[in-house]
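The block underneath contains the structure these notes are about, expressed in structure tokens.
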There are 2 protein chains.
Amino acid sequence: MDSKIFNLKAKLEVYKAMTNGANFADCPVRDVIQGISGKWSSLLVMALAEKPYRFGELRRLVPDISQRMLTQTLHELQRDGYVHREVFPTKPPSVEYSLTDLGRSMFLPLQQLIQWAELNHDAVRDARAAFDANQG
Amino acid sequence: MDSKIFNLKAKLEVYKAMTNGANFADCPVRDVIQGISGKWSSLLVMALAEKPYRFGELRRLVPDISQRMLTQTLHELQRDGYVHREVFPTKPPSVEYSLTDLGRSMFLPLQQLIQWAELNHDAVRDARAAFDANQG
DNA sequence: TAGTGCTGGTCTCTTTTTGAGACCATCACT
DNA sequence: AGTGATGGTCTCAAAAAGAGACCAGCACTA
């Protein structure tokens, strides 16, 4: 991974635009954001924000995710500290996934974005329709 | 695109977890979220939130984006109504990209998430290190 | 006792998405 | 006449994602 994600000018400009004063020495923001902006990540965090779920439950909850991507995304979320994975010695063994404190903390701002999406999806849909109409 | 993104149970549960009362008939939230959760989308919105930029400026601002993905991502952001594209008849013609009102509106909650990332990247980095250490 | 199902995965193969880099036309400046 | 800047597109290779087979262990059933 390259830490020189922005050049100096970019650093300063985005810094100004975003933080109004926090430390921005290297640019880890993008790294963190990309960890939660995968195709399935936010969706799974959203689901787990309600309550813990087992692997199979999540698979049924999000019917169009492949088992492969479910495993992989949960693994990444666990690695980044958002999700806790616990195996119960039932037969067959069951695995429960839940949000950690960090995950719940991250969900708060994520939820804001989700709410925005909910309130503005009509505007986005209209914009798309208008754009597609103009492009033919 | 399939509108049956969640099954009924999922709909109700995520609905409860998220909205505390808004309408959730079909599930456009995911569609909107995925439009802004691409690898480069939020980064470009972040940049344009500060001020309008021209194509080449953006390319220099985000040095590790390919010209191909810059074109494509800006096109998608424009289609979804977040970004306005304006061509100026200079020689050679220059193209300026700027946020629309919708884009600025979306940036508000996005900024919350960015701020969270800024405040918590240490925790995420530590979680990753701990996870990787345990996995060997 | 043999068959079936459920658990949470992994492995392989194919398709889609992305990245790297060449190429393009036009005009200004040297 | 050559060089550079503009904002792209096109092609080809690499990476990521989707589809689906497979697996072990145990419970239940016929």
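If you're wondering where the values come from, they're calculated on a predicted model, not measured in any experiment. In what follows, chains are A, B, ... by sequence order, proteins preceding strands, each numbered from 1.
Mapping B:R68 and A:T71 onto DNA chain C by nearest heavy atom places A:T71 at the nucleotide closer to the 5' end. Mapping B:K91 and B:Q72 onto DNA chain C by nearest heavy atom places B:Q72 closer to the 5' end of the strand.
Distance B:L70 CG to C:dA20 C1': 15 Å, rounded to the nearest Å. Going from atom CE of A:M69 over to atom P of C:dG8 covers 19 Å, rounded to whole Å. At whole-Å resolution of the value, CD in B:E96 and C1' in D:dG8 are 17 Å apart. Between the CZ atom of A:R60 and the C1' atom of C:dC6 there is a distance of 9 Å, given to the nearest Å. What separates CG of B:L58 from P of D:dT6 is a distance of 12 Å, to the nearest Å. Look at CG on B:L74: it is 15 Å from C1' on D:dT6, rounded to the nearest Å. Counting to the nearest Å, the P atom of C:dG8 and the CD atom of A:E57 are 8 Å from each other. One atom, CZ of A:F88, and another, P of C:dG9, lie 13 Å apart when rounded to the nearest Å.
Relative to the side chain of B:S94, the nucleotides C:dG19, D:dA17, D:dG7 differ in distance, and D:dG7 lies closest. The side chain of B:K39 approaches C:dG19 more closely than any other nucleotide in the set D:dG18, C:dG19, D:dG7. Among C:dT18, D:dG7, C:dT7, the nucleotide with an atom closest to any side-chain atom of A:R54 is C:dT7. Which of D:dG7, C:dG19, D:dG8 sits closest to the side chain of B:R85 comes down to D:dG8. Candidate nucleotides C:dG8, C:dT18, D:dG8 were compared by shortest atom distance to the side chain of B:Q67, and D:dG8 ranks first. If you check D:dG8, C:dT18, D:dG18 against the side chain of B:F55, the one that comes closest is D:dG8.
Not one side-chain nitrogen or oxygen of A:Y53 sits closer than 4.0 Å to the OP1 or OP2 atom of C:dG8. Not one side-chain nitrogen or oxygen of B:R59 sits closer than 4.0 Å to the OP1 or OP2 atom of D:dA5. In this structure, A:W40 does not reach the D:dA16 phosphate: none of its side-chain N or O atoms is under 4.0 Å from OP1 or OP2.
Between B:K39 and B:D64 there is no salt bridge, since no side-chain N of the basic residue sits under 4.0 Å from a carboxylate O of the acidic one.
No donor-acceptor distance shorter than 3.5 angstrom exists from the side chain of B:Q72 to the backbone of B:M69, with no hydrogens or angles considered.
Taking the side chain as every heavy atom from C-beta outward, B:Y97 and B:H84 never approach each other to under 4.5 Å. Using a 4.5 Å heavy-atom cutoff, the side chains of A:L70 and A:V62 are not in contact.
Of the residues A:R128, A:R125, A:H121, the one that meets the side chain to side chain donor-acceptor pair (under 3.5 Å) test with B:D31 is A:R128.
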